[in-house]
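Below, all heavy atoms of this structure are taken into account, side chains as well, without hydrogens, waters or symmetry copies.
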Amino acid sequence: MRPPKTLDEIKSTLLARAGRGNPVRGLSREEVEAVVARLQSVDPDHWAKVWSDPAEPWLAKAKEAEKSGGNEGARESYLKAYAYFAAARYPALFSPAMEQAYVRARDAYQKASRYFDPPLEVVRIPFEKKEIVGYLRLRSGEGKQPLVFHWGGIDGWKEERQGNTEALIQAGFSSFCIDGPGTGECPILASPTAERVFSVAIDYLVQHPKVDPERIAVVGSSFGGYWATKVAHVEAARLRGAVNWGGGVHFFLQPAWLRESQFASSYLFNLSETRARILGLKTVDEFIAAAASMSLLDQGWLNRPSAPMLLVNGRKDEQVPINDLYLLLEHGAPKEARIFPDAGHMGKSPDALHVVIAWLKKRLGGSGGQDLP
């Protein structure tokens, strides 16, 4: 087992990810350098403060731009404020300061969304005396739209789906995203039956007057790929396709792997603790004791009928064993797969998103029902 990252290693990783990876995808190297210079530890309150402070001037800029009618400037300034607050709440809400950063990140993102094209609608779906909160973006045009329902993993919440949402819209799809169980605003924690939150969301989508109920696909990224796989089986009759993009289904939930992977070099810090949070737990040992019950193999799902599936991952993934992808290929209906031999978690490369979108085009076609080029 490799040791946890030192503070210097965390700083170096942040600088390497500037402008391209979580939690600093929306920040330039210079902006990340300025924060890293103040970073003295990953104590949750300190972490939240050093990342939140630089957001304030951007909020002021956004408000000034709105006063002068500068919609583009307001949009970009709100998104920059959101980027700082999103880093401040990363990877999970370990303190009240991080919780406050998340509230402010969500607020800045929704204010920026007033200037999105196509517009973003905040959808609230009743669910077990609570509600599912989702972001719906419908392409303009006549007729019902093909739609991709997508979500992230343990730390990539619905606001962080912005880049993928834009790519999906450009490819000809409408988009709907929510927070997965145990993350963001999801009304329930992860559990062996938490896929029901996705089924209720699908109930809403198939009844929407602008959504084609015959052309809905789901995409789950990272831990979200686990849920995409389960939803592909539970909702086989209602989905045109499902993508497991870097998620495990069995081996990654076993004690040996969870201990071995807890300091994976591809994760910034607190991987095991962040995993535990989605089940409402705190310690590595608590998570390891509970995780095995989530196995889709042991639950008996993998040989049941499923929607057509695409599996994508990197062979060198340190967070999810590639054996889980092979396990899916060995069970149930034939599936398509793309393994990136030199890549790590999620097969991260510009090609991975292209592979996913090309497959979705094949499954869903364009807004008029034809295959997209």
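Side-chain contact of Gln170 with Glu166: a donor-acceptor pair under 3.5 Å is absent, judged by distance alone. One side chain, His150 or Ser175, offers a donor N or O that lies under 3.5 Å from an acceptor on the other. Between the side chains of Ser272 and Arg277, no donor-acceptor pair is found at a separation under 3.5 Å.
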- Task: Give the C-alpha distance, both sets of side-chain angles, the deciding distance and a yes or no for side-chain hydrogen bond (donor to acceptor under 3.5 Å, both in side chains) between Asp155 and Thr274.
- Result: CA-CA 8 Å; Asp155 59 45; Thr274 305; over 6 Å; no
- Determine, step by step, whether Tyr326 and Ile339 satisfy the side chain to side chain contact (heavy atoms under 4.5 Å, CB included) criterion, reporting the C-alpha distance in whole Å, the side-chain angles of both residues, the deciding distance to 0.1 Å, and the verdict. CA-CA 10 Å; Tyr326 298 137; Ile339 299 170; 3.5 Å; yes
- Could you walk me through whether Val50 and Gln40 pass the side chain to side chain contact (heavy atoms under 4.5 Å, CB included) check? CA-CA 9 Å; Val50 297; Gln40 299 174 9; over 6 Å; no
- Message: Set out, in order, the CA-CA distance, both residues' side-chain angles and the distance that settles salt bridge (charged side-chain N to carboxylate O under 4.0 Å, His left out) for Arg25 and Glu160, then state yes or no.
- Response: CA-CA 9 Å; Arg25 181 176 283 108; Glu160 282 80 64; over 6 Å; no
- Evaluate the ring pair (Phe, Tyr, Trp, His ring centres under 6.0 Å) criterion for residues Phe269 and Trp47: first the C-alpha distance (whole Å), next the side-chain angles of each, then the deciding distance (0.1 Å), finally the verdict. CA-CA 12 Å; Phe269 61 90; Trp47 176 273; 5.0 Å; yes
- Report the C-alpha distance between Glu31 and Ser28 in whole Å, list the side-chain angles of each, state the deciding distance to 0.1 Å, and finish with yes or no for side-chain hydrogen bond (donor to acceptor under 3.5 Å, both in side chains). CA-CA 5 Å; Glu31 290 167 332; Ser28 70; 3.3 Å; yes
- Trp359 and Glu336: side-chain hydrogen bond (donor to acceptor under 3.5 Å, both in side chains), yes or no, with the steps? CA-CA 9 Å; Trp359 188 84; Glu336 296 181 71; 2.8 Å; yes
- Message: Test side-chain hydrogen bond (donor to acceptor under 3.5 Å, both in side chains) on His345 and Asp317; report intermediate values, then the result.
- Response: CA-CA 4 Å; His345 186 50; Asp317 190 349; 2.8 Å; yes
- Message: Go through it in stages, so that I can follow the logic: the residues are Lys111 and Asp107, the test is salt bridge (charged side-chain N to carboxylate O under 4.0 Å, His left out), and I'd like the CA-CA distance, side-chain angles, deciding distance and then a yes or no.
- Response: CA-CA 6 Å; Lys111 285 178 176 175; Asp107 180 67; 3.2 Å; yes
- Message: Could you go through Ile188 and Phe127, starting from their C-alpha distance and side-chain angles, then the distance that decides it, and tell me whether this counts as side chain to side chain contact (heavy atoms under 4.5 Å, CB included)?
- Response: CA-CA 10 Å; Ile188 57 173; Phe127 178 85; 3.5 Å; yes
- Message: Using side chain to side chain contact (heavy atoms under 4.5 Å, CB included), reason through Arg259 and Asp285 one step at a time and then give a plain yes or no.
- Response: CA-CA 9 Å; Arg259 294 196 185 280; Asp285 288 341; 3.2 Å; yes
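Not a single side chain to side chain donor-acceptor pair (under 3.5 Å) links Tyr226 to another residue, sequence neighbours left out. Every residue two or more places apart in sequence or in another chain that forms a side chain to side chain donor-acceptor pair (under 3.5 Å) with Arg238 is listed here: Asp203, Glu235.
A distance of 12.0 Å separates CD1 of Ile202 from CD of Gln207, quoted to the nearest 0.5 Å. Atoms CZ and CD, from Arg89 and Gln100 in turn, are 14.5 Å apart once rounded to the nearest 0.5 Å. Interatomic distance, Cys186 SG to Trp151 CH2, rounded to the nearest 0.5 Å: 11.0 Å. Here the CG atom belonging to Leu311 is positioned 10.5 Å from the CG atom belonging to Leu327, to the nearest 0.5 angstrom. Atom CZ of Phe173 sits about 15.0 Å away from atom CZ of Arg137, to the nearest 0.5 Å. To the nearest 0.5 Å, the span separating CG on Leu136 from SG on Cys177 amounts to 9.0 Å.
In this structure, Asn270 contributes its side chain and Glu273 its backbone to no donor-acceptor pair below 3.5 Å. Side-chain N or O atoms of Thr183 include one that pairs as donor or acceptor with a backbone N or O of Gly180 at under 3.5 Å. One N or O on the side chain of Gln254 and one on the backbone of His250 form a donor-acceptor pair closer than 3.5 Å. Not one N or O on the side chain of Lys316 forms a donor-acceptor pair closer than 3.5 Å with the backbone of Gly314. Listed for the Asn303 side chain is no donor-acceptor partner under 3.5 Å among the backbone atoms of His331.
Here the options are Leu147, Ile216, Asp212, the test is side-chain contact (heavy atoms from CB on, under 4.5 Å), and the partner is Val206; only Ile216 passes. For the side-chain hydrogen bond (donor to acceptor under 3.5 Å, both in side chains) with Ser266, the qualifying choice from Lys348, Glu318, Gln319 is Gln319, the only one to do so. Exactly one of Lys80, Lys63, Arg104 qualifies for a salt bridge (charged side-chain N to carboxylate O under 4.0 Å, His left out) with Glu56. That residue is Arg104.
Contact annotation: the side chain of Val32 never approaches that of Arg17 to less than 4.5 Å [non-hydrogen atoms, C-beta and beyond]. Taking the side chain as every heavy atom from C-beta outward, Arg240 and Glu214 approach each other to under 4.5 Å. With a 4.5 Å cut-off on side-chain heavy atoms, Glu185 and Arg106 count as touching. Between Arg29 and Leu15 there is a side-chain heavy-atom pair separated by less than 4.5 Å. For the pair Arg75 and Glu66, the minimum side-chain heavy-atom distance is 4.5 Å or more. Under the 4.5 Å side-chain criterion, counting only non-hydrogen atoms from C-beta, His233 is not in contact with Lys230. Side-chain contact between Phe223 and Phe252 is present, with at least one heavy-atom pair separated by less than 4.5 Å. Inter-residue side-chain proximity for Asp342 and Phe340 is flagged as unmet; no heavy-atom pair is nearer than 4.5 Å.
Residues Tyr78 and Tyr115 place their aromatic rings such that the two centres sit no closer than 6.0 Å.
A cation-pi arrangement is found for Lys61 relative to Trp58, the charged atom lying closer than 6.0 Å to the ring centre and inside a 45° cone about the ring normal. Taking the ring axis of Phe198 as reference, the NZ or CZ atom of Arg196 does not stay both within 45° of it and closer than 6.0 Å to the ring centre.
Residue Ile154 is grouped with residue Val249 when hydrophobic side chains (ILVMFWY) are merged at heavy-atom distances under 4.5 angstrom, including chains of intermediate members.
Taking the six-membered ring where tryptophan is involved, the planes of Phe176 and Phe149 are tilted, since the angle between them lies from 30° to 60°. Between Tyr135 and Tyr109, the ring planes are parallel. Angles under 30° get that label, and only those over 60° would be called perpendicular.
Residues Leu189 and Ala194 approach most closely at O-CB, 3.5 Å, considering heavy atoms. Across all their heavy atoms, Gly246 and Val320 have their closest contact at O-CG2, 3.5 Å.
Residue Lys210 qualifies as enclosed at atom NZ: its count of foreign heavy atoms under 6.0 Å is above 12.
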